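Note sheet for the following structure.
Proteins come first, then strands; the chains are lettered A, B, ... in the order of their sequence lines, and each starts at number 1. Predicted model, so just to flag it, every value in this text is computed and none were measured.
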2 protein chains.
Amino acid sequence: MPEIASILDAAKHWTAHYRRGHLIYGEGDLTTGIYRVDKGCVRLQVDSADGDRQIVAFLFPGDVFGMSVDLRTSSAEAVSDVDLTRYSLPSVLELATRSTSVLLQVMRAADTVYGELAHHTEQITHLPATERVLWFLDRLAGREGVQPGEPVRLPMSRRDVSDYLGLTPETLSRIMRQLQDDGHLSAVGRKSFTLRRPTFRVGPVDDPQLDPLSLPSEQLCA
Amino acid sequence: MPEIASILDAAKHWTAHYRRGHLIYGEGDLTTGIYRVDKGCVRLQVDSADGDRQIVAFLFPGDVFGMSVDLRTSSAEAVSDVDLTRYSLPSVLELATRSTSVLLQVMRAADTVYGELAHHTEQITHLPATERVLWFLDRLAGREGVQPGEPVRLPMSRRDVSDYLGLTPETLSRIMRQLQDDGHLSAVGRKSFTLRRPTFRVGPVDDPQLDPLSLPSEQLCA
DNA sequence: CGGCGATTTGAATTACATCAATCTAGGTGG
DNA sequence: CCACCTAGATTGATGTAATTCAAATCGCCG
């Protein structure tokens, strides 16, 4: 989302660098700024007491994240070495009260990540492992704007991917082997792959309308 | 979140009523307003092509939802007959550019739902079925401010609960029976239950000794 | 070149889903 | 008011996808 970035640049900001694996902020930390990825990859995650980890989002160049107000509701870590732009929260807020477009962009960004997480959750609870992996790779390829046949780079570890998809690394490994054997996928080293099939599949869309019986009633108040 | 509601009341608003099971808005609809629940229960969900449904949130009186900007990223439906207050989006936006507290509240609300979904996702991908159910019931009881021993009402159907927890209705049914047999839970009719053990524990996590099945005292975290 | 974490492979296990058959509640009409 | 009627809920039997445990292998970085 380059637009939001350029608009946000009117707020106080500076660059920040994090090395692979390092914490950008932790859940519960006080929020003092929001970020944009300039280079590299960032993961948003929730860690449970018993060591399990759920990655809720991967962020790439152009993505804005960290739009909390007081306390962070998830952690952010650097998947690779990353370059970030860090915007002062007070400055952004102040800007938003003067510019409707800034306000809109911030709200839009917040809603976008929510919608993406909602769909992510839907996918990993209802899709079998193979389709989850395909869905992930497909989306990654689509996001990078890769042409079919072109190799896509996976900046994150297998463990990251499995923690994103709700699978064990073992299962993920088996699935990827299977996908290669079936010709859906061909690996280029360990960190790149080529999707045989077209990016973004167009499944048959059903109509899950339930019961359109009566209409809601509304009345003006106050 | 009653505070946000009272502040939002400065924006143009109406009351709206929906009957059990009816659509409040659908994914992809144009956003024209945001809502607060006054009475009843609302579910936010995403439906997949093959008829599967993932409920991403249940909303109760006081909760504000629908903070999208252009297109809705999920659907909202009435779990029970509901009374809502509907705030005009343009009016809220206009208000936010004049009042920092409104802006803060809207952003805070958006971040809260995000954080909750992130944790919800974490729970349903890492917790076994029994603990998922316990987690849900416990949170529901906590939210309703029910004292231990007091019965809690489940406003939603079993199917709703199973679609929220990523289980089949059959599994949910078996789990709930098991919980009753084990004395963790006692049902009062089909729509109410009493939690034997303490509702809600936000206490600091002790040590890595976690085997919830061995002892009567469960560790349930939010 | 050696060491060690990350990944892959293999075998056994299991938790949950699926399929199919009741059962129950609560809404409807007689 | 009560007896149906039906969708939702429960129960049972069986299947299986994914996990778990364990071991071998890869590949990166010193």
Between [X] and [Y], what is the shortest heavy-atom contact and its length?
X      : Y      : value
B/V79  : B/P155 : CG1-O, 3.5 Å
B/Y114 : A/V113 : CE1-O, 3.6 Å
A/C41  : A/F58  : SG-CD2, 4.2 Å

Checklist entry - Under 4.0 Å: is that the gap between some side-chain N or O of B/R190 and OP1 or OP2 of D/dT10? => result yes
Item to check | Worked verdict on B/D160 versus B/R53 for salt bridge (Lys or Arg N to Asp or Glu O under 4.0 Å) | outcome: CA-CA 9 Å; B/D160 282 341; B/R53 175 181 75 155; 2.7 Å; yes
Just how far, in rounded Å, is [atom2] of [N] from [atom1] of [X]?
X      : N      : atom1 : atom2 : value
A/R20  : D/dC28 : CZ    : P     : 11 Å
B/R158 : C/dT24 : CZ    : C1'   : 12 Å
B/Q178 : D/dT10 : CD    : P     : 14 Å

Item to check | 5' priority, DNA chain D, between B/M156 and A/K191 [closest heavy atom] | outcome: B/M156
Item to check | Side-chain donor-acceptor contact under 3.5 Å, A/Y87 with A/D9 | outcome: yes
Next on the checklist: For B/T121 and A/Q54, which I'm curious about, is there any donor-acceptor pair between the side chains at under 3.5 Å?
Outcome noted: no
Item to check | Rounded to 10 degrees, the angle between the two terminal axes of the helix from C/dC1-D/dG30 to C/dG30-D/dC1, each from five pairs | outcome: 50°
Checklist entry - Do B/D29 and B/R72 meet the salt-bridge criterion of a basic N to acidic O distance under 4.0 Å? => result no
Checklist entry - Under 3.5 Å, side chain of B/R132 to main-chain N/O of B/L165, donor-acceptor pair present? => result yes
Please enumerate all protein N or O atoms sitting under 3.5 Å from an N or O of nucleotides 18-24 of chain D, with distances to 0.1 Å.
from   : atom 1 : to     : atom 2 : distance (Å)
D/dA18 : OP1    : A/A129 : N      : 2.7
D/dT19 : OP2    : A/T168 : OG1    : 3.2
D/dT19 : OP2    : A/T171 : OG1    : 2.3
D/dT20 : O4     : A/R174 : NH2    : 2.8
D/dC21 : N4     : A/E170 : OE2    : 3.3

